[in-house]
There are 2 protein chains.
Amino acid sequence: MHSSATSNPTCNLCLFAPFCTSEEEILHTGRQASLAVKQYRKLNRNEVLCLPNNKFQNLYAIQKGTLKTYQVEADGRELIREFYFAGEILGYEAIYTGHYPFSAVAISETLICEIPYANFLKLLHSKPALQRRILYLISRQLNIGSYLVSTTAEQRLAAFLIELATRLHPAETRYAFLLPMSRQDIGNYLRLSAETISRVFSRLQKNKMILIDHKKINLLQPDKLKQVADGLWTSNKGNTVK
Amino acid sequence: MHSSATSNPTCNLCLFAPFCTSEEEILHTGRQASLAVKQYRKLNRNEVLCLPNNKFQNLYAIQKGTLKTYQVEADGRELIREFYFAGEILGYEAIYTGHYPFSAVAISETLICEIPYANFLKLLHSKPALQRRILYLISRQLNIGSYLVSTTAEQRLAAFLIELATRLHPAETRYAFLLPMSRQDIGNYLRLSAETISRVFSRLQKNKMILIDHKKINLLQPDKLKQVADGLWTSNKGNTVK
DNA sequence: CGTCCCGTTGACACATCTCAATCTCAGTGG
DNA sequence: CCACTGAGATTGAGATGTGTCAACGGGACG
């Protein structure tokens, strides 16, 4: 365990750190400080954070780990709305609906911090700089996943990988990383079958754009991947330039 | 022309009406009041509001009419990111990127109001109720179009039609309306070809769920359409229940 | 009244899905 | 330490929904 909230590298980047009840305070007192703007909680793999129609009360800052939000279709298929990584905030959608419009589940061991929405509003109002910053981050949410509009499987997966490289580690882009989610999860997010994800991975590897070994992935040529994402390249029928 | 800003029915619902320079003030003085929080502007069909990489300065409130935002793919295809109708606010995405990440074009005669972002921030800070309301509306944006994750053409189009019924007229749902956009535009938004849109319209009409005559559309059975959207019904192979 | 754009419909091509078999790897217990 | 097990990943073959290309038809508008 970390000795204090701010000793966690992600916390250093967190907007709410100044208003946060430290982990050690929680651990030592054995109870959560009721006045805390932010509270610490641990989720194991596959543990549920919230369910559809749960009443909206908190936003959640992810300190470490990964979550997915999803809804289940009538036919039983799971449609992933978004992944959330360390440093990101989950729950903005619920401000409008009044309840969480999805299930949120940890896909790896995850640490989250609760931000009661009432406190969130108070803080925003008292700190203009924080308000600007939060609008900036919500605006970012509106831009995330805009590549889902792309048509081909290759385009979407390539764009997804590039985005992962920028989102997986806060304030830093790394082109070699561990995929936190399964092929099935990626498919449920990109609206492709797990088999298609697997096949496209194989194609991209054959073209030397990536190296992939189970969860370990290395984006060898991010620039070329970007071209694939933009539809400038395709390897569907041998490596042909359009 | 209207005699004042608040005489326009949409203005009555607008959050910024209290801080707005009235139309008649603008018309009578012949120049736009520089201190105005909100300014009036008219766009003809196909007139451009902003282009990709234009510097972000204003949010735009739509007073009347319809706009689309889109980006052009490498292969020349136009991908529509969102439609905007009367009472909605365009431009949140640009807060993050610092420039508009899309083209915005009127698809019918449209009246818009400019909200300089600096003024927007000041207003939000001085009016906590306005701040809450704006967060509420941005949250709504995060939920709009969530049905784009659906797999089949029928599901996406049915969900689109239902959403249109609720968004087309502020604070009121109407199941008979005029489609403001072309089949091509709908296809560019739902990631389907114009031909597919046409075919699905025909199928839905054959099943008595809608009446469609060029731009005029009537959602005869919104509840059944909702079931189609949710994947509970399909008419792909004759009208079969799954 | 003619032109042109938009929408409709048909035939065929193709990307992705579905179903299925096989394989690897991690975890578990003997 | 090894065998067993189950979940996830890979790969193949056939099915299918949607895209593409094309022809046709009908309003809207000048």
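Every value quoted in this text rests on a predicted model; they were computed, and no experiment measured them. Convention: sequence-line order gives letters A, B, ...; per-chain numbering from 1.
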Mind calculating the distance between CG (B/L157) and P (C/dT8) to the nearest angstrom?
11 Å
Would you call A/K216 and A/L178 a side-chain contact if the rule is heavy atoms closer than 4.5 Å?
yes
According to a strict under-4.0 Å criterion, is A/T196 in side-chain N/O contact with OP1 or OP2 of C/dA15?
no
Roughly, in whole Å, what's the span from CD1 in A/I197 to P in C/dC17?
8 Å
Protein-nucleotides 19-27 of chain C N/O pairs closer than 3.5 Å?
residue, atom, partner, partner atom, Å
C/dC19, N4, A/E195, OE2, 3.0

Can you measure B/I107 atom CD1 to C/dC6 atom P for me and round it to whole angstrom units?
13 Å
Sequence neighbours excluded, which residues qualify as side-chain contact (heavy atoms from CB on, under 4.5 Å) partners of A/T151?
A/Q155, B/R77
For residues 221-230 of chain B, pull every pair meeting side-chain hydrogen bond (donor to acceptor under 3.5 Å, both in side chains), keeping only residues two or more places apart or in separate chains.
B/K226-B/D230, B/Q227-B/W233
With axes from five pairs an end, tell me the bend angle of the helix from C/dC1-D/dG30 to C/dG30-D/dC1, nearest 10°.
40°
Here the distance between atom P of D/dC21 and atom CD of B/Q184, to the nearest Å, is 13 Å
Salt bridge (Lys or Arg N to Asp or Glu O under 4.0 Å) pairs touching residues 184-200 of chain B, sequence neighbours excluded, are B/K68-B/D185
Verify the contact: side-chain N or O of A/R183 to OP1 or OP2 of D/dA9, cut-off strictly under 4.0 Å; return yes or no.
yes
Give every residue pair that meets the salt bridge (Lys or Arg N to Asp or Glu O under 4.0 Å) criterion with at least one member in residues 157-178 of chain A, sequence neighbours excluded.
A/E82-A/R167, A/E88-A/R167, A/E163-A/R167, A/E172-A/R174
Just so I know, are the side chains of A/L43 and A/L67 near enough to count as touching, which here means a heavy-atom distance under 4.5 Å?
yes
What are the residues of residues 185-194 of chain B, sorted by number, that bring a heavy atom to within less than 4.0 Å of DNA chain D?
B/R191, B/L192, B/S193
Tell me the interatomic distance from B/E154, atom CD, to D/dG17, atom P, rounded to whole angstroms.
10 Å
Find the distance B/Q205:CD to C/dG7:P and express it as a whole number of Å.
15 Å
With a cut-off of less than 4.0 Å, is there a side-chain N or O of B/K215 near OP1 or OP2 of C/dC6?
no
In whole Å, I'd like the distance from the CD1 atom of B/I212 to the C1' atom of C/dC6.
13 Å
Using the test salt bridge (charged side-chain N to carboxylate O under 4.0 Å, His left out), find all partners of B/E47 that sit at least two apart in sequence or belong to another chain.
none
Restricting to side-chain contact (heavy atoms from CB on, under 4.5 Å), what partner residues turn up for B/N218, sequence neighbours left out?
B/A176, B/L211, B/L220
Which nucleotide in the list C/dC17, C/dG7, D/dA9 gets nearest to the side chain of B/S198?
C/dG7
d(CG, B/L179; P, C/dT8) in whole Å:
10 Å
In terms of side-chain heavy atoms of A/A153, which of D/dT18, D/dA9, C/dT16 is nearest?
C/dT16
Take the angle between the ring planes of B/F56 and B/Y100 and call it parallel below 30°, perpendicular above 60°, tilted in between.
perpendicular
Could you pick out which residue, B/S202 or A/V200, lies toward the 5' side of DNA chain C when each is mapped onto its nearest nucleotide?
B/S202
Once side-chain contact (heavy atoms from CB on, under 4.5 Å) is applied, do any residues pair with A/L13, and if so which ones, sequence neighbours excluded?
A/P170, A/A171
Run the side chain to side chain donor-acceptor pair (under 3.5 Å) test against B/T69 and tell me which residues pass, sequence neighbours left out.
none
Residues at least two apart in sequence or cross-chain that pass side-chain contact (heavy atoms from CB on, under 4.5 Å) with A/N143, listed by chain then number, are A/S139, B/R81, B/E93, B/Y96, B/T97, B/P101
